[in-house]
S.K.: 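Mind having a look at this structure? Questions to follow.
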Amino acid sequence: MSTEEFQKEQEFITGLYARLDDLREEAESTVRGALTQVGTGHHQAKLERDVLVAEQSGLLAAFNAGESGLCFGRLDFQDGRQYHMGRIGIRQSDADRTPLVIDWRADIARPFYLATGYSPMGLRRRRHISTEGRTVTALHDEILDLTDTTRTGHEGSAADTVLLAALDAARSGRMHDIVRTIQAEQDRIIRGPHQGVLVVEGGPGTGKTVVALHRAAYLLYAYRDLLARRGVLIVGPNPAFLAYIGEVLPSLGETGVLLATVGELFPGVTATGTDTSAAAEVKGRATMADALARFVRDRQTAPDPGIEIEHDDGRLVLDRAMAEDARAAARQTGLPHNLARPHFAFRIIDALTEQLADRIGADPYGGPNFLGPDDIAQLGKAIALSGEVHAAIEELWPMLTPQQLVTEYLADPVYLPDIDAELIRRTGGPWTPADVPLLDEAAELLGHDDSAARAAEEAERQQRIAYAQGVLDMAYASRTYEFEDKEDVDKDASEVLGAHDIVDAERMAERHEEADHRSAAERAAADRTWAFGHIIVDEAQELSAMTWRLLMRRCPTRSMTLVGDPAQTGDEAGCDSWQQILGPYVGDRWEHTRLRVNYRTPAEIMEVAAGVRRAEDPSFEPPGSVRSTGVRPRARGARPEDLARTVAETVADEAPREGRLAVVAPAALHPELVAALPGASYGTTPDLTRDVVLLDPRQTKGLEFDTVVVVEPGRILAGSARGANDLYVALTRATQQLAVVHTGALPECLREGLTQETQETQQIQEAVRPA
């Protein structure tokens with residue numbers, strides 16, 4: 001092993017971090033200096049300072065994120081070029097633009113992930129640099145040019161060494177990036193074009209989630225101008241999952257991405273309620289869109305026989321024919337309900353005006369109406385201001401909010417089979433995640449009438465212009481006052497530029513408008529109609545048809561990456577095939593790729609989990625595991641009254657010296673287990689960084705732990721129509737060890753792969769096994 005090589009790399013890393021410190025200090029100094037000036041100077045100066053602070057703060061976030069493992073590799077090309085690789089790109093200096101470290105997403109970095117001895121892509125050698133903090137701990141060199149006889153003493157099967165070390169490392173409760181160990185099949189997905197829909201399918205442990213996150217980072221790098229404006233949305237299955245992946249993109253220098261669950265995609269609504277799986281399945285059906293549309297039409301009514309309206313000049317009658325005519329005209333516009341309402345109102349007002357004009361201006365001898373156009377217009381104004389007229393219009397064509405519409409619909413669901421209607425019937429209570437797509441559908445059907453807000457905004461704008469004009473007039477008056485007589489004004493004032501010479505009142509007013517300095521992600525989170533530049537959906541197979549309608553509205557360009565595995569579908573509203581999801585929106589114009597290598601789950605655990613799926617589908621083939629631990633999963637039996645105690649004992653026995661342990665059990669058992677597991681984190685958003693976490697099978701999607709204890713697999717199997725998928729997910733979360741605790745007989749699909757640990761277990765098995 002060459003001490004000289006170590007020393008060279010250590011000197012480089014030391015110099016690199018010194019440069020990073022300089023850049024960080026420069027950015028911090030710039031922000032501090034700008035913030036001290038806030039509140040002083042003219043509006044344009046303030047605006048420029050705000051932009052500068054936002055820009056430098058973004059750089060600071062990237063610098064701070066890149067602190068850990070800033071440089072992780074080096075490329076030595078056959079032509080003598082040499083580049084170090086890192087999480088972010090850093091130049092030698094502001095004057096010298098030569099790269100000190102190249103960004104892992106740059107095109108020149110691709111050989112680090114793709115080059116082989118058969119296809120070296122111009123490389124002589126590839127070096128992996130391992131660090132702890134700012135200290136080099138190991139070098140691993142791969143010789144790719146076999147004609148090169150130079151040796152450093154660090155040669156070896158570096159790719160396998162670095163990859164396996166990362167896979168065997170203890171988990172922290174937060175997903176880490178894989179920028180040092182991206183494999184060739186993953187790199188091709190990460191760097192794929194952003195246009196169109198890309199489906200990435202892969203079994204447990206294939207890295208599809210982390211690949212999707214790196215794809216987001218790459219797209220933001222390669223298409224910065226587009227995606228920085230429109231933003232990237234990442235949709236995850238639950239809050240625990242979003243907390244788990246939350247540090248990956250910041251570690252890669254990207255902080256402007258919106259992460260959300262489906263329950264967070266309707267601004268102003270927080271979906272904290274829960275549905276039964278059957279209710280969620282009904283709400284998720286595509287037929288709900290038609291049911292809501294018909295329900296909206298039901299709110300566009302006609303009176304029978306009519307509505308009497310008191311007026312100064314006599315009683316008016318808004319009859320059924322008048323309302324039906326106005327309704328037909330409003331519907332003919334094709335506008336959403338609330339936006340079509342003014343058209344309905346205008347027709348009603350016109351009809352009532354005509355009715356009143358005919359009464360007042362009628363010639364008793366049959367002659368023409370003697371009211372002129374101005375007279376009729378005055379009558380129309382009076383009717384338009386009538387409170388009774390507006391009340392009648394509100395009754396026949398009410399202004400509705402999405403929340404109001406969905407609340408009323410769920411209180412009395414219509415256009416559904418009776419049994420389905422009873423499943424979703426509800427009065428009051430918090431919104432659920434399955435309600436959010438219904439709210440979004442309602443918002444589309446209703447539309448948003450912002451005419452009043454726009455009118456108020458325009459009135460405010462005109463006030464600003466008037467104020468600005470007054471300021472300019474005062475400035476002109478004060479300037480002319482400096483001259484002694486009119487001749488001096490005419491002679492000299494024309495030669496001196498004043499404020500009114502270089503800016504008019506309208507432009508001056510615009511400069512004083514409040515600028516929106518929120519990031520694209522922040523603005524998108526508050527705007528239901530925002531169109532994202534790209535959407536990434538994790539666990540995409542779980543989403544209902546109604547949820548896909550919502551997401552497709554958020555991305556009209558259909559620039560999407562969908563990540564999932566139909567074999568892991570647990571939600572009854574989920575889809576069983578990608579064509580079922582995408583067919584209604586893009587036909588067959590989508591690309592499908594499959595990840596087939598399992599990096600997480602040891603072969604011994606995968607063998608057990610695969611047995612669960614093969615019981616449902618004998619042709620099922622799991623992804624191949626890259627490693628084996630030599631430790632078979634274990635089963636421990638317990639009597640029902642001793643279940644919690646046995647789980648606690650198993651946790652104590654199986655707890656890793658480093659890393660995290662998850663207990664996965666049906667939700668109904670959680671109260672009993674919480675009491676037996678003091679210190680364990682549990683609930684809707686458990687703290688995944690705790691040593692022990694208690695979860696139900698659905699909460700574990702996308703997560704991984706060093707050790708997993710699955711409780712009552714039989715109850716998980718029987719817990720839902722997709723219970724086999726839920727159990728398959730629960731069994732494949734472990735990176736090192738798996739244990740199963742059960743009362744009664746083990747499910748048949750688990751008996752062959754598990755080691756029975758105690759005599760008591762075998763006795764329980766025999767006692768409950770059917771004859």
S.K.: Are any side-chain N or O atoms of Gln699 and backbone N or O atoms of Asp696, one a donor and one an acceptor, separated by less than 3.5 Å?
M.R.: yes

S.K.: Does a side chain donor of either Arg180 or Ser130 reach within less than 3.5 Å of an acceptor in the other side chain?
M.R.: yes

S.K.: What residues, two or more places apart in sequence or in another chain, satisfy side chain to side chain contact (heavy atoms under 4.5 Å, CB included) together with Ser577?
M.R.: Gln579, Gln580

S.K.: When you measure from the side chain of Glu264 to the backbone of Thr261, do you find a donor-acceptor pair of N or O atoms at a distance under 3.5 Å?
M.R.: yes

S.K.: Verify the distance criterion only: is there a donor paired with an acceptor across the side chains of Asn598 and Thr206 at less than 3.5 Å?
M.R.: no

S.K.: Between Ser625 and Arg627 (side chain of the first, backbone of the second, donor and acceptor by atom type, cut-off under 3.5 Å), is there such a pair?
M.R.: no

S.K.: Are the side chains of Glu542 and Pro237 in contact, using a 4.5 Å heavy-atom criterion?
M.R.: no

S.K.: For Thr561, what residues pass the side chain to side chain donor-acceptor pair (under 3.5 Å) criterion, not counting sequence neighbours?
M.R.: Arg215, His534

S.K.: Side chains of Lys283 and Asp275, heavy atoms from C-beta outward: is any pair under 4.5 Å?
M.R.: yes

S.K.: Let me see the working for Thr432 and Asp435 under side-chain hydrogen bond (donor to acceptor under 3.5 Å, both in side chains), right down to the final yes or no.
M.R.: CA-CA 5 Å; Thr432 71; Asp435 292 332; 3.1 Å; yes

S.K.: Would Gln736 and Thr707 count as having a side-chain donor-acceptor pair, cut-off 3.5 Å?
M.R.: no

S.K.: Under a 3.5 Å distance rule, please check whether Arg733 uses its side chain to pair with a backbone N or O of Lys701 as donor and acceptor.
M.R.: no

S.K.: With a 4.5 Å heavy-atom cut-off, do Gln541 and Gln568 have their side chains touching?
M.R.: yes

S.K.: Which heavy-atom pair separates Leu543 from Cys575 by the least distance, and what is that distance?
M.R.: O-SG, 3.7 Å

S.K.: Identify whether the distance between the nearest side-chain nitrogen and carboxylate oxygen of Arg105 and Glu254 falls below 4.0 Å.
M.R.: yes

S.K.: According to side chain to side chain contact (heavy atoms under 4.5 Å, CB included), who are the partners of Ala531, at least two apart in sequence or on a separate chain?
M.R.: Arg230, Pro556

S.K.: Can you tell me which residue among Phe532, Tyr223, Tyr221 is in a ring-ring contact (aromatic ring centres under 6.0 Å, His included) with His194?
M.R.: Tyr223

S.K.: Under a 3.5 Å distance rule, please check whether Asp706 uses its side chain to pair with a backbone N or O of Arg660 as donor and acceptor.
M.R.: yes

S.K.: Picking from Leu213, Thr209, Asp538, Leu258, what satisfies side-chain contact (heavy atoms from CB on, under 4.5 Å) with Ile234?
M.R.: Leu213

S.K.: Is the distance between the ring centroids of Tyr83 and Phe112 under 6.0 Å?
M.R.: no

S.K.: Is a side-chain N or O of Arg558 found less than 3.5 angstrom from the main chain of Cys555, in a donor-acceptor match?
M.R.: yes

S.K.: Using a 3.5 Å distance criterion without hydrogens, assess whether the side chain of Gln183 forms a donor-acceptor pair with backbone atoms of Thr181.
M.R.: yes

S.K.: Distance-only, no hydrogens or angles: does the Thr700 side chain make a donor-acceptor pair with backbone N or O of Leu703 under 3.5 Å?
M.R.: no

S.K.: Which of parallel (below 30°), tilted (30 to 60°) and perpendicular (above 60°) describes Phe241 and Tyr244?
M.R.: tilted

S.K.: For Arg722 and Thr569, work out which heavy atoms get closest and say how close.
M.R.: CD-O, 3.3 Å

S.K.: Flag the pair Trp104 / Leu252 as yes when at least one side-chain heavy-atom distance between them is below 4.5 Å, and no otherwise.
M.R.: yes

S.K.: So, Phe72 versus His84, ring centres under 6.0 angstrom or not?
M.R.: no

S.K.: I'd like to know if the side chain of Arg229 and the backbone of Asp225 have a donor-acceptor N/O pair within less than 3.5 Å.
M.R.: yes

S.K.: Treating Arg87 as the side-chain partner and Gly69 as the backbone partner, does any N or O pair qualify as donor plus acceptor under 3.5 Å?
M.R.: yes

S.K.: For Phe705, run the side-chain contact (heavy atoms from CB on, under 4.5 Å) check against Leu695, Val663, Val664 and tell me which one passes.
M.R.: Leu695

S.K.: Do the side-chain N and O atoms of Thr116 and Ser119 include a donor-acceptor pair separated by under 3.5 angstrom?
M.R.: no

